[in-house]
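Quick notes on the structure that follows.
Below, all heavy atoms of this structure are taken into account, side chains as well, without hydrogens, waters or symmetry copies.
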Amino acid sequence: MEGGHRSLLTAPLLAEAELRSGSDADAAADVILDIRDAGSLRGNELMQGYSSESVEGDVEVVVTAGGEDSNPFDLLGAVPFRYIRQPCSLDPFRNHTPTVEGVYEFSKIVLCLPLALARLVLFGLSLVVGFLATKLALQGWKDKQSPMPRWRCRIMWITRLCARLILFSFGYHWIKRRGRPASREIAPIVVSNHISYIEPIFFFFELFPTIVASESHDSIPFVGTIIRAMQVIYVDRFSAPSRKNAVNEIKRKASSNGFPRVLLFPEGTTTNGRAIISFQLGAFIPGFPVQPVIVRYPYIHFDQSWGFISLAKLMFRMFTQFHNFLEVEYLPVIFPSEKKLETASEFAERASHIMAAALDVVQTSHSYGDVMLLTKASEHSKEKPSAYMVEMAWVESLVNVTTSEALEFLDKFLDMNPDSNGRVDFHDFLTSMHLGPSSPLSEKVFRFVDVENKGFITFRQFLLGSGSILKQASFQQTCGEIFSECSSGDLLSREKLGEVVGSAIPGISSETLRELFRSFDVDKDGVVSRRDFMEFLQKNPLMIAVFLVSKRPHDSMDVYY
């Protein structure tokens, strides 16, 4: 199939006897339906609980008879994934020269050591002078909700010149520019790709904009004071109220010509410049014209991107280069569409496509959430930490799993002892999930996640499978009903738990049952309350399959997609 992703969904919707008759008794009972209109698929609610972005291109629906591959989560309305898209093999965060290699680089660093010392002195002096000038400009200024008075802005020119000297000390003796920044009246918002800590310094000198930054930046020595002078808009990316307030501030400051233009890095984190990752929508929700800017760092021996390399090491490498190259290109202003009602996500997608085309790089659905997953995998000393990236923006839109939830699922997956390629086999899956010995139910649960039927699962598959269960509309209610059935009073009953699990997984040992009960005791107080029970299933949603067996009517027909 060309021009779209392909999904394979299976369902034993019809009884086997009804599909086989007469001379066709030995014929296969597979019915293949091609659905060309993704909208009609959503209209028929074949993928309940998923957003409209979940289905792209053609979808193949396969209807089979029999129950061998039945979905253990069909009572929740969950749909197993039969491939929607292949994972992206590109790592947009990796620095490609993390270590010094080659005689040329070693020789250059040795030769540049005296120069590095001089540059360090220039850097320190520039930072101190800029800090003092900023303190003077801010002295006695209390009304920080209003634009900075003009005379204070003139003092800030000293700090801006110091910023240019700091760039010079890092080896950016000249900076190649293409295009020009549009006037603030035409484009009150500027967006740029983000590769290093160099761009904020450059834009501070070039535009003196208002920026959107994490609250943690305010506490950085020297830098925090300078950021405050830019009337920074603080945001906590994990707080919905904070994000909403930041959008309101962006709109307020962009709508008033008294404020400087607003600068945002919509990717929300640094990349290596070889891709444009998913955009945050803060710059596009207000609906003002936006000027995109792209930056490049051409190099041969030294990748200047801030990708899993320490700040001290990156600064040292910059100090010990003869010259570092930076190119800045101002692209034409992008105006909100006047022909149709354009959403913020569509506006952002249009901007990201234009920037990716100008950079001649690919677009991916990675986000800051992937950086956090990558960091956690690196902390666990995994050989290929990039194997644990999932294109978090796409996953979040598909199953509505947040980054914090994904990190908890990663903890669970890492406990399964994945191999060097980040894959978990059936045995380790069973052991970690407390699903006892191999059984028809445990095999069905594993197949629900193992969408490629390869006998192993990746974190991406585990996250999609677990997330699709967790986000079902009936999940919380079903968990509550299960606890009521397995409890005595307000506490989980060991005996009732053993009966339910034993009927679902025949042959499960008493020791495994004890371990399972201890797992439900989240707060480790020796008893399992409703809160413990609900929290455990929220962190291990695949385990609900064990309890769904007892709720399934024996004479009902298995239906799954």
Side-chain angles (χ1 to χ4, degrees), residues 134 137 144-164 167 172 174-194 198-213 226-233 246-267 276 279-296 326-339 342 344 346-348 350-359:
T134 304
K144 293 184 173 58
Q145 294 301 310
S146 300
M148 177 178 279
R150 190 175 298 276
W151 69 269
R152 295 182 185 273
C153 291
R154 292 194 181 102
I155 297 177
M156 286 301 300
W157 261 108
I158 300 175
T159 308
R160 294 173 67 177
L161 291 174
C162 288
R164 184 62 186 93
L167 291 175
Y172 299 96
W174 63 86
I175 298 172
K176 186 176 182 180
R177 295 173 177 81
R178 297 177 183 173
R180 292 184 178 182
S183 67
R184 194 242 181 264
E185 291 74 15
I186 295 176
I189 297 177
V190 174
V191 296
S192 171
N193 61 319
H194 198 8
I198 294 298
E199 302 100 55
I201 302 174
F202 169 80
F203 285 120
F204 173 77
F205 163 72
E206 181 96 340
L207 303 175
F208 190 51
T210 293
I211 65 171
V212 179
I226 297 173
I227 286 178
R228 286 194 292 275
M230 300 170 70
Q231 295 188 272
V232 63
I233 300 171
V247 170
N248 291 334
E249 276 295 287
I250 292 170
K251 187 173 183 178
R252 183 178 76 89
K253 292 184 176 180
S255 62
S256 172
N257 286 330
F259 287 100
R261 70 196 82 202
V262 181
L263 169 68
L264 297 100
F265 299 103
E267 292 171 296
I276 290 290
F279 277 9
Q280 303 297 310
L281 302 182
F284 308 96
I285 292 175
F288 291 107
V290 170
Q291 181 171 32
V293 185
I294 56 174
V295 295
R296 304 180 183 89
L326 170 61
E327 297 178 359
V328 180
E329 182 176 356
Y330 293 92
L331 300 178
V333 176
I334 306 174
F335 294 88
S337 177
E338 297 180 356
K339 296 182 180 179
E342 187 177 45
E346 291 171 338
F347 192 9
R350 190 154 56 95
S352 66
H353 180 74
I354 290 172
M355 293 173 68
L359 286 166

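For the pair T159 and F204, the minimum side-chain heavy-atom distance is below 4.5 Å. Looking at R252 and I233, their side chains never come closer than 4.5 Å, going by heavy atoms from C-beta outward. Residues E267 and F279 form a side-chain contact, since some pair of their non-hydrogen atoms from C-beta on lies under 4.5 Å apart. For the pair E346/S337, no side-chain contact is recorded, criterion being any heavy-atom separation below 4.5 Å from C-beta on. With contacts defined as side-chain heavy-atom distances shorter than 4.5 Å, the pair F265/P200 qualifies. E199 is not listed as a side-chain neighbour of V293, based on a closest heavy-atom distance of 4.5 Å or more. Side-chain atoms of V295 and S192, non-hydrogen and from C-beta on, do get closer than 4.5 Å to each other. Residues L331 and E329 meet the side-chain proximity criterion, which asks for heavy atoms closer than 4.5 Å.
P260 and F208 get closest at one heavy-atom pair: CB-O, 3.4 Å. Of all heavy-atom pairs spanning I175 and L326, the tightest one is CG2-O, 3.6 Å.
Evaluated for a salt bridge (Lys or Arg N to Asp or Glu O under 4.0 Å) with E206, the options R160, R177, R180 yield exactly one hit, R177.
F347 and F284 have perpendicular rings, their planes meeting at more than 60° on a 0 to 90° scale where under 30° would count as parallel. The aromatic rings of F205 and W157 sit perpendicular to each other, their planes meeting at more than 60°, with 30° as the lower class boundary.
For R184, the salt bridge (Lys or Arg N to Asp or Glu O under 4.0 Å) test picks out no residue, with sequence neighbours left out.
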